[in-house]
Each structure stands twice: as structure tokens, then as C-alpha cells.
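Read the structure below first, then the notes.
Lettering of chains follows the sequences in order, A, B, ..., and the numbering in each one begins at 1. The shown structure was predicted, so the numbers you read here are calculated from the model rather than taken from an experiment.
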Amino acid sequence: MARVIRRSKKLQSHPMIVRTRVAPSPTGDPHVGTAYMALFSLCFAHQSGGQFVLRIEDTDAERSTAESEQSILDSLRWLGLDWDEGPDKPGPHGPYRQSERLDIYREHVEHLVEQGHAFHCFCTAGRLAEMRAEQMKNKQTTRYDGLCMSLSNDEVAQKLEAGEEHVIRMKVPEEGTCLVQDRLRGEIPIEYSQIDMQVLQKSDGNPTYHLAVVVDDYLMEITHIIRGEEWINSAPKHMLLYDYFGWDMPELIHMPLLRNPDKSKLSKRKNPTSIRFYERMGFLPEAVLNYLGMLGWSMPDGEEKFSLESMIEHFNIERISLGAPVFDVDKLKWLNGRWLREELDDDRFADRISEWAYNRESLKRIIPLIKERVDVFSEVSDMIAFFASGLPALEEVDLVAKNQSVDDTKKILQFALWDMEALATWDRDQLNTLFENVAVDLDLKIRDVLAPVFVAISGKPVSPPLFDSMAVLGPDMTRARMKHAIDVLGGVSKKLNKKLEKEYQSIRRSRT
RNA sequence: GACCCUAUCGUCUAGUGGUCUAGGACACCGCCCUUUCACGGCGGUAACCCGGGUUCGAACCCCGGUAGGGUCGCCA
């Protein structure tokens, strides 16, 4: 073990080539925030001839999926953010998927335990919850109290022998101040008393993010960590680990966080966050990337329209502004319009719109749904328009049936939407089952459940077969339209959301 | 609540002590172009969070307040 660490340390002493990374967790839709970090990481590395690495952080075995990983890869590539090394692009520092590096983490954790920098902890979740509640009550920082640190070696050996469930935690100094160096913010002092004895290895033997990120960034020779502001508070943990291992700390660059129009951290409840949604809406990848580039950063000459290539050329990290920007879809639309008008002649426009949706392949998915409803071709356009549209123009009266209230309708749509978010396979049969379940859950006839959904999806009370249509539209656009319909009905307030969520959870529990 | 970050038009931003009666862009409003709409052109409304310092001089530096955000998980 010690040998592994020493050898790696030598590698670092070579002349410095800038290496940055983006490290998404494959637990959901590809997020624009991931693309944002990837963009800045790529620009910074490539400007100086360095390398940009993609690493998959799938240490959460519960939530990580192969589909999500693929979707993230596809979306970043769609945007034109390609990487020099990654799970599908072997390099000298692979593998680039953390689930394939578990032995490495185990060795490193073991090393920390041997050196006395980490310890086994046998505390139960219940005890920890109690402890936190108590600390909360006393207005203290919630933090592990160090109980298991006092266990003797024999006691630990005995418990391990007995197969007791345990985690491994890092030790943190009792007092003192950690000075976090941030390239954009300067020195940030954080008291060690504020820092928790972070779990490094979970009871399933997998490392936590904090351990894996440090080990991997080091072994992959990452020189600059560009990440969101949300990580500032955990920087001391990482610095401590670098210190325990005897490694040099990479430079930290914390970017501002993208925000919803209400200024909270960008979230799918309030704003479309999936890159695929923007793709499905017909935004050009160049424009989306350009837009992300103008959030928190500007060209030296003030030009707002610029390509990735040009951004790399003119990139200057000092030009990043620290106020967290609001993701403004209106401005993105305007920018996309400029790209469309200024960069695409008629030929290229035709090419791009065919690539997007107007092609034989998409048409062939739709034809089976409309053929028997059509007598002459001239009827086709109206019938299929909604497949290529964005969000339909809706009114409350269109959505709410006579025998139902606005809140009932909201509930139907919201429950279905939550089910959709949890849906593993997106096809007509699964969707069919989904709505049957919603009808049972809410004690309604399926036709009553479906009525507002027809309108939400197609903009009209009638449409080609609903579930097939949803299958063609895909999860991103379907969910966006459901969400849009809910918003047209006045949206779900925080309070209502809480109430509905409670009801939904209890129904879900009884369902399984 | 504790800790951390941030603070220029509604929004994205320029501005790094004097050239700022604060510039550009989106959105909004008006006018022009136009059979309509859009595009385009022209014009308009609109901001340095507050209070103290430092300085001959502060949007820019320092301190305090306020506000917003983030973090406090065997998620990342």
C-alpha cells in the first residue's frame, strides 16, 4: 500500500500539465449544472493544452444506473463537450468509473486506519440521529461525537470478528482553523470544530464521495478542481485527507451556483434542468453551451455570441464573476435565435431540423399512431403537430373537468408526474400500468384520470393514443408538459407539495 | 440555528480609485421598416443594498449591518 502511494507521488513531480475533470453521479437526468462545470473545466484545461477528464462517481450503488450514465455521456457529447479520458475513452489513469476502483479505495482507507488517521465506527443510525437531534437542540454544529474513537484495538478487533456492521470515519483535529485557498475568493478560514468526522467507507464497503474524490483526483493527476460553490464547506475534509496521505493539494476553483428565477439553487421543481429537455425543445447545442458560457463569465470584448472554440481561446478564469446567476430561459431563446439566423443558411437549417425531428425515422414512429385516423394526407399535419411542439398553450378551463376541482386535477397530474420520475423503462405498457395505478390510488376511473393528461400532453382533449404518444415524446418532454399543466393550474406551493407528498408516500408504501 | 459564500437596471453582465451625469444584452414600452407577424433599425423606462471608515477623490479598498444563497447524510 505504502508503495502505491509513494510511486504515485513521484508522478506528480513531472512538469505540470493542467488536468481538470468533471465527475457526475449517474443518479438521474443529465443536469445543466454538470454541463456548466464541464464547460469551464474544459475551457480551462484546453486553453493551456491540458487535458479534461470525465469520471463517473457511482459509489452510491443504490441510486446509480447505467442508463443515467449513458444519458450523461450522450448529453455532454451532444453539447460538444468531449473529454480526453473517460469511461469510454481509455487513458493512463483508468478505470474512470469509481465502481471499478473499489480495491483502490479500500487500500487507501486501510492505509489511513493503519496510520491512525481514520477509525472504525460501529454506531447505529438511530444513535447518530439522536445525537444530532440533541446537538441541534443545544444549537451546536451537528458532528459525530467521537464515541468509537475511544474503542481499544482489541474491542475493535472483537467487533469486526463478530461481523458487526461498521463504517470508517476520518479523524479531524479538535481545534484550529483550516485555510481553504480558492483561486477566485482567496483565503477562506473554516474552523476544524465545524467539520464532521466524515464517513470514508460506508457499511457496504463502498467509499463515500469524499474519500473517492480525493484518491481519484490525486491518482488521475488532477491539478485544478473546478466545482460548484456548494463544495466550499467540505474542502477542509479533502485538504485533511491530502495531508494524511502526504499529497499536494490541487488548486480549488469554486464556481457560483446556477439559480432558479426565485434565486434558489437550480432545481427541476422550478426550472427544466435536464439537458435532454433543451435538446428535445429544439435548442441548438452551440447556443446552450454559449448561454452557459455567458453565465458568470464574459468575453473580454463583451460579445455575447461565441463558440466553444472561441471561448477556449479567450478564456480567462479571472473573468468569472461570483454572483450566482439566474438561468433565464428567455435569454437562452434569444441567443438560440441568433445562432439559427446567423449561422445556419437554408441548407444547414434543413439539415439540422432533420437531425432534430423532421426525419423519416421519427415519422415512422408516429405513422402507426395516426394511420387509421387519417383519410387524406392533409389531415396529418394538425394531428401530429404536438409531437414536434414545445409546451402547449393551455388554459385552466381546458384542464379541469366539470366534476373536478383545480386541486383534484393538480393532484392527478402531480402523482402521475412523480410516478413518471420513478419509471425505470419508458414505454407504452409501463405508462399504461402507471396510469392504472394512479387511478386505483386516487380511487378514480381511469378515464377521469386521463382527461387532464390528454390536454396536458397534446394541448387538446383528443390526441393519438396517449401512452404511445408519450412514448414517442420521451420522458423529458412528457414530464415537462405535465409540469407545465400543473403550473398553468397555479403550480404546487411549498405547503401543498408537502401535503401531496405525504399522501403520495403513504399510498406508495401501501402499494408495495 | 451554526458556519461559509455572495451583493451594479426585473434578468445576464461591463466596470479592478478619478475618463461613471455607470456601458452593453435579454425582457418591457414607443417609433421606423413591413400586406400581417417575426427579423432588423432607432429611441425610452430601469441599477452601484444600507451605514461607517481609508483617500484630495470610491461602484471599485477596509469594517459593521442587511438581504439572498449554500452547507450542516453511510447522496454526490
[X] [atom1] - [N] [atom2] separation (whole Å):
{"X": "A/Leu258", "N": "B/rG69", "atom1": "CG", "atom2": "P", "result": "15 Å"}
{"X": "A/Glu304", "N": "B/rC12", "atom1": "CD", "atom2": "P", "result": "13 Å"}
{"X": "A/Met197", "N": "B/rG73", "atom1": "CE", "atom2": "P", "result": "13 Å"}
{"X": "A/Met37", "N": "B/rG70", "atom1": "CE", "atom2": "P", "result": "14 Å"}
{"X": "A/Ile232", "N": "B/rA2", "atom1": "CD1", "atom2": "P", "result": "20 Å"}
{"X": "A/Gln135", "N": "B/rG1", "atom1": "CD", "atom2": "C1'", "result": "13 Å"}

Mind checking if [X] touches a base, just sugar-phosphate, or nothing, with heavy atoms under 4.0 Å?
{"X": "A/Ser234", "result": "nothing"}
{"X": "A/Val326", "result": "sugar-phosphate"}
{"X": "A/Arg319", "result": "sugar-phosphate"}
{"X": "A/Glu57", "result": "sugar-phosphate"}
{"X": "A/Ser321", "result": "sugar-phosphate"}
{"X": "A/Gln194", "result": "sugar-phosphate"}
{"X": "A/Gly323", "result": "sugar-phosphate"}
{"X": "A/Pro189", "result": "sugar-phosphate"}
{"X": "A/Gly296", "result": "sugar-phosphate"}
{"X": "A/Ser298", "result": "sugar-phosphate"}

**Asked** Counting heavy atoms not belonging to A/Lys89, are there more than 12 under 6.0 Å from its NZ?
**Response**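 Buried by this count: over 12 neighbours within 6.0 Å.
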**Under 3.5 Å donor-acceptor, A/Ser274 side chain and A/Arg276 backbone** =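 Yes, the answer is positive, given that a donor and an acceptor are paired below the 3.5 Å cut-off.
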**Prompt:** Which value, in whole Å, describes the distance between the C1' atoms of nucleotides B/rA25 and B/rA14?
**Reply:**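 Nearest-Å result for B/rA25 against B/rA14 at atom C1': 11 Å.
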**P-based separation of B/rG53 from B/rC60 [nearest Å]** =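 Straight-line distance between the two P atoms is 15 Å.
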Does either side chain, that of [X] or that of [Y], offer a donor lying less than 3.5 Å from an acceptor on the other one?
{"X": "A/Glu85", "Y": "A/Tyr96", "answer": "yes"}
{"X": "A/Asp74", "Y": "A/Gln70", "answer": "yes"}
{"X": "A/Asp88", "Y": "A/Trp83", "answer": "yes"}

**Request:** Could you check A/Glu187 against A/Arg63 and say which one's nearest nucleotide on RNA chain B is further toward the 5' end?
**Result:**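 Whichever sits nearer the 5' end wins; that is A/Glu187.
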**Prompt:** Closest nucleotide of RNA chain B for A/Asp328 versus for A/Arg169: which of these residues is on the 5' side?
**Reply:**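 Whichever sits nearer the 5' end wins; that is A/Asp328.
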**Prompt:** Would A/Tyr105 and A/Tyr209 count as a close aromatic pair, with their ring centres under 6.0 Å?
**Reply:**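 For A/Tyr105 and A/Tyr209, the ring centres are not under 6.0 Å apart.
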It should be established whether [X] places a side-chain nitrogen or oxygen under 4.0 Å from OP1 or OP2 of nucleotide [N].
{"X": "A/Thr142", "N": "B/rA2", "result": "no"}
{"X": "A/Lys202", "N": "B/rC75", "result": "yes"}
{"X": "A/Arg143", "N": "B/rC72", "result": "no"}
{"X": "A/Arg55", "N": "B/rA76", "result": "no"}
{"X": "A/Lys263", "N": "B/rA7", "result": "no"}

**Request:** Taking only the side-chain heavy atoms of A/Trp334 (C-beta and beyond), determine which of B/rC26, B/rA76, B/rG70 contains the nearest atom.
**Result:**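 Nucleotide nearest to A/Trp334's side chain: B/rC26.
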Give none if [N] has no partner; otherwise give the nucleotide forming a Watson-Crick or G-U wobble pair with it, both distances under 3.5 Å.
{"N": "B/rG1", "answer": "B/rC72"}
{"N": "B/rA67", "answer": "B/rU6"}
{"N": "B/rA22", "answer": "none"}

**Asked** Which class fits the ring pair A/His210 and A/Trp231: parallel under 30°, tilted 30 to 60°, perpendicular over 60°?
**Response**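 Perpendicular: the ring planes of A/His210 and A/Trp231 meet at over 60°.
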**Message:** Ignoring hydrogens and geometry beyond distance, is the side chain of A/Ser203 in donor-acceptor contact with the base of B/rC74 at under 3.5 Å?
**Reply:**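 Indeed, a donor on one side and an acceptor on the other fall under 3.5 Å apart.
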**Prompt:** Taking atom types as they are modelled, is there a donor-acceptor pair under 3.5 Å from the base of B/rA25 to the side chain of A/Lys331?
**Reply:**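 Flag set: donor-acceptor pair detected.
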